[in-house]
Amino acid sequence: MAANPEVKMQNPLRLIKKYPNRRLYDTKTSSYITLADVKQMVLKHEEFQVVDAKSSEDLTRTILLQIILEEESGSLPLFSSDLLSQMIRSYGGAMQGFMGSYLEKNVEAFQQMQKALQEQSNRIYGDNSRASNELWSQFMNLQGPAMQGLMQAYMEQSQKMFAQFQDQLQSQARNMFSGFSFPGFPQPQQPKSDAEK
């Protein structure tokens, strides 16, 4: 079915071009913008894409990382040095894809919980952001230890499942190669038949 050409998209993707002089040009407003403006787009949940003005290479992630770097340089960083080190160690490993999706899902769950609390606060207090922020702080102070306990139990369960998975892989590998002899490795013991016992 053909789309009606008169019907415009409600939320078209906002295109931002990055020029060699490091300036960002917003094609929607036909004006130059700053990283602070891009940050506001993120906070407003606006869909956008940053591309190199010459090559059309997608630079969205690079710009988002620059915003994170600026935020982390402030007085209240989100990531500890230990967490950043662990993230760096995850690159190039077999679990790199898993680590990214794990962090993404947990941040999404946290934001959904925060949104639900915000909506509940708005029903109780109206549009009073100070009361809402205080309610969120109280919730986190009360729930912090409980949530840490849940996360620790989750991590312990994940570690147990991973250990079981490793054991299964080793067992399968032993069974698969049990008929072969490898120089320098002891031959696996064959089970004795009833006649040999």
Side-chain angles (χ1 to χ4, degrees), residues 1-119 121-122 127-130 132-137 139-140 144 147-148 151 154-155 158:
M1 182 174 168
N4 185 346
E6 294 177 15
V7 177
K8 293 182 180 178
M9 288 176 41
Q10 290 180 338
N11 292 319
L13 187 67
R14 193 165 178 172
L15 185 65
I16 299 166
K17 294 183 178 180
K18 184 174 184 290
Y19 285 91
N21 61 6
R22 300 178 67 182
R23 294 186 75 185
L24 300 170
Y25 183 78
D26 185 352
T27 58
K28 181 179 179 181
T29 61
S30 299
S31 61
Y32 287 99
I33 61 173
T34 64
L35 281 179
D37 297 320
V38 177
K39 178 186 169 186
Q40 287 305 312
M41 289 181 212
V42 173
L43 294 174
K44 292 176 183 174
H45 299 273
E46 291 185 41
E47 294 289 327
F48 65 90
Q49 182 182 25
V50 182
V51 296
D52 185 279
K54 284 188 176 180
S55 67
S56 297
E57 178 188 357
D58 189 347
L59 302 175
T60 309
R61 289 184 68 256
T62 304
I63 295 298
L64 293 173
L65 286 168
Q66 285 180 4
I67 294 169
I68 289 171
L69 185 59
E70 282 192 3
E71 292 294 319
E72 285 294 306
S73 300
S75 58
L76 293 171
L78 188 64
F79 300 111
S80 68
S81 296
D82 286 341
L83 176 59
L84 290 171
S85 297
Q86 290 173 14
M87 289 172 69
I88 290 168
R89 288 184 201 107
S90 298
Y91 285 100
M95 302 298 279
Q96 179 175 338
F98 172 78
M99 178 72 157
S101 63
Y102 173 80
L103 289 172
E104 186 175 344
K105 295 296 180 194
N106 280 285
V107 169
E108 283 175 8
F110 183 81
Q111 288 178 333
Q112 287 172 1
M113 187 172 56
Q114 187 177 20
K115 183 180 178 184
L117 190 69
Q118 179 79 39
E119 290 170 355
S121 171
N122 287 345
D127 194 16
N128 183 344
S129 62
R130 183 176 176 204
S132 176
N133 287 339
E134 288 175 8
L135 185 64
W136 178 249
S137 295
F139 175 78
M140 289 310 294
M147 290 177 72
Q148 285 177 347
M151 285 304 290
Y154 174 76
M155 291 305 294
S158 296

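- A salt bridge between K39 and E70 is absent, with no side-chain N of the basic residue lying under 4.0 Å from a carboxylate O of the acidic one.
- Distance CG/L13 to CD/E46: 11.0 Å, rounded to 0.5 Å.
- Taking each heavy atom of T27 and L15 in turn, the nearest pair found is OG1-O, 2.7 Å.
- One distance of note links CG of L24 with CG of D37; it measures 9.0 Å at 0.5 Å rounding.
- Atoms CE and CG, on M41 and L35 in that order, are 10.5 Å from each other to the nearest 0.5 Å.
- Side chain of T60 to backbone of V50: a donor-acceptor contact under 3.5 angstrom is found.
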With a cut-off of 3.5 Å and sequence neighbours excluded, list every side-chain donor-acceptor pair involving residues 81-89.
| residue | atom | partner | partner atom | Å |
| --- | --- | --- | --- | --- |
| S85 | OG | S81 | O | 2.9 |

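- With a 4.5 Å cut-off on side-chain heavy atoms, V38 and R14 do not count as touching.
- In this view, S55 and D52 satisfy the side-chain hydrogen bond (donor to acceptor under 3.5 Å, both in side chains) rule, not counting sequence neighbours.
- The line from CD1 of I67 to OG1 of T62 is 11.0 Å long, rounded to the nearest 0.5 Å.
- Here ring-ring contact (aromatic ring centres under 6.0 Å, His included) pairs that include residues 23-79, with residues two or more places apart or in two chains, are Y25-Y32.
- Taken to the nearest 0.5 Å, the NZ atom of K17 stands 11.5 Å off from the CG atom of D26.
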